[in-house]
Every structure is written in C-alpha cells, then in structure tokens.
Amino acid sequence: MISVSETRKWIKEKAKKEETIERLLQLKYRINDTAKEEGNWSTDMSDHKKWVQTLINDVRKNDLTTIAREDMQLCNRLWKLYD
C-alpha cells in the first residue's frame with residue numbers, strides 16, 4: 001500500500017516534470033515565433049529548436065524532474081536570445 005506521503009511526493013514530482021516540459025515547450029514556441037517574424041529559419045534557429053525538442057523528449061522518456069545545470073544555462077541563454 002502506498003502511503004499518503006509517497007503519494008504526495010509522486011504528485012509533486014509529476015507536477016515538476018510537467019512544469020519543466022511546459023517551460024521547454026514555451027521556449028520551442030518562442031523560437032518558432034521568432035522564425036516566423038523574421039520570415040525564415042536560420043541554421044542556428046533550427047539547431048536550437050532541435051536541441052530543445054531533444055531535451056523535451058529526454059525529460060518525457062526518462063521521467064526527469066530537473067535538467068542538468070549546463071542544459072539550464074543554455075535554456076536561459078536561448079530565452080534571452082529569443083526574447
């Protein structure tokens with residue numbers, strides 16, 4: 001039988017995973033929007049979008065609730081770049 005505290009922990013982890021995925025999807029959409037506004041896809045934009053999509057897939061596949069520090073730092077740079 002699963003205890004109440006284990007259930008709460010599982011719910012919090014699931015929520016954190018979903019929040020991570022949501023933020024990464026927002027970044028992917030921001031890259032898409034920038035490409036549409038500029039009227040074309042640069043090689044960098046395409047590479048950035050592929051990297052973000054790969055990270056999203058990794059989070060989903062491996063049930064990650066956090067991402068590596070280096071990945072977070074790159075995400076932050078991309079947010080600033082596509083802001």
Side-chain angles (χ1 to χ4, degrees):
M1 180 179 257
I2 299 175
S3 70
V4 173
S5 64
E6 289 174 330
T7 303
R8 287 182 183 151
K9 182 179 176 185
W10 178 82
I11 290 170
K12 285 181 182 180
E13 287 177 359
K14 182 163 178 64
K16 187 165 183 170
K17 175 185 167 187
E18 292 301 319
E19 181 181 340
T20 300
I21 291 170
E22 182 60 32
R23 289 289 290 166
L24 290 170
L25 285 171
Q26 289 173 5
L27 177 57
K28 181 180 135 182
Y29 299 147
R30 184 172 286 193
I31 295 169
N32 283 343
D33 292 344
T34 300
K36 289 177 186 175
E37 289 170 7
E38 293 182 4
N40 65 356
W41 281 89
S42 70
T43 303
D44 286 342
M45 280 185 211
S46 181
D47 290 344
H48 294 158
K49 181 181 173 186
K50 287 177 189 174
W51 181 83
V52 171
Q53 186 59 55
T54 299
L55 188 55
I56 292 168
N57 292 339
D58 287 345
V59 169
R60 287 178 174 156
K61 179 181 176 185
N62 299 307
D63 288 329
L64 302 176
T65 56
T66 59
I67 59 176
R69 180 179 181 196
E70 297 83 11
D71 292 337
M72 183 62 71
Q73 289 171 336
L74 180 53
C75 285
N76 288 339
R77 286 194 301 270
L78 292 176
W79 273 104
K80 291 176 185 173
L81 182 64
Y82 294 105
D83 191 22

Rounded at 0.5 Å granularity, tell me how far [atom1] in [X] sits from [atom2] in [Y].
{"X": "N57", "Y": "N62", "atom1": "CG", "atom2": "CG", "result": "10.0 Å"}
{"X": "W51", "Y": "D44", "atom1": "CH2", "atom2": "CG", "result": "14.0 Å"}
{"X": "Q53", "Y": "D58", "atom1": "CD", "atom2": "CG", "result": "10.0 Å"}

What heavy-atom pair brings [X] and [Y] nearest, and what distance separates the two atoms?
{"X": "K17", "Y": "R60", "result": "NZ-O, 3.6 Å"}
{"X": "W41", "Y": "S46", "result": "CE3-N, 3.9 Å"}
{"X": "L27", "Y": "W79", "result": "N-CZ2, 3.7 Å"}
{"X": "E13", "Y": "T65", "result": "O-CG2, 3.4 Å"}

Flag if over 12 foreign heavy atoms under 6.0 Å of CD, Q26: yes
Transitively linked via ILVMFWY side-chain contacts under 4.5 Å: M72 with I56? yes
Determine, using the 4.5 Å side-chain heavy-atom cutoff (strictly less than), whether I21 and W10 are members of one ILVMFWY cluster. no
Are side-chain heavy atoms of [X] and [Y] found at a separation under 4.5 Å?
{"X": "R30", "Y": "D83", "answer": "yes"}
{"X": "L25", "Y": "Y29", "answer": "yes"}
{"X": "E70", "Y": "L74", "answer": "no"}
{"X": "L55", "Y": "D71", "answer": "yes"}
{"X": "R8", "Y": "I11", "answer": "no"}

Begin from the C-alpha positions of L64 and T20 and carry the test side chain to side chain contact (heavy atoms under 4.5 Å, CB included) through to its verdict. CA-CA 9 Å; L64 302 176; T20 300; over 6 Å; no
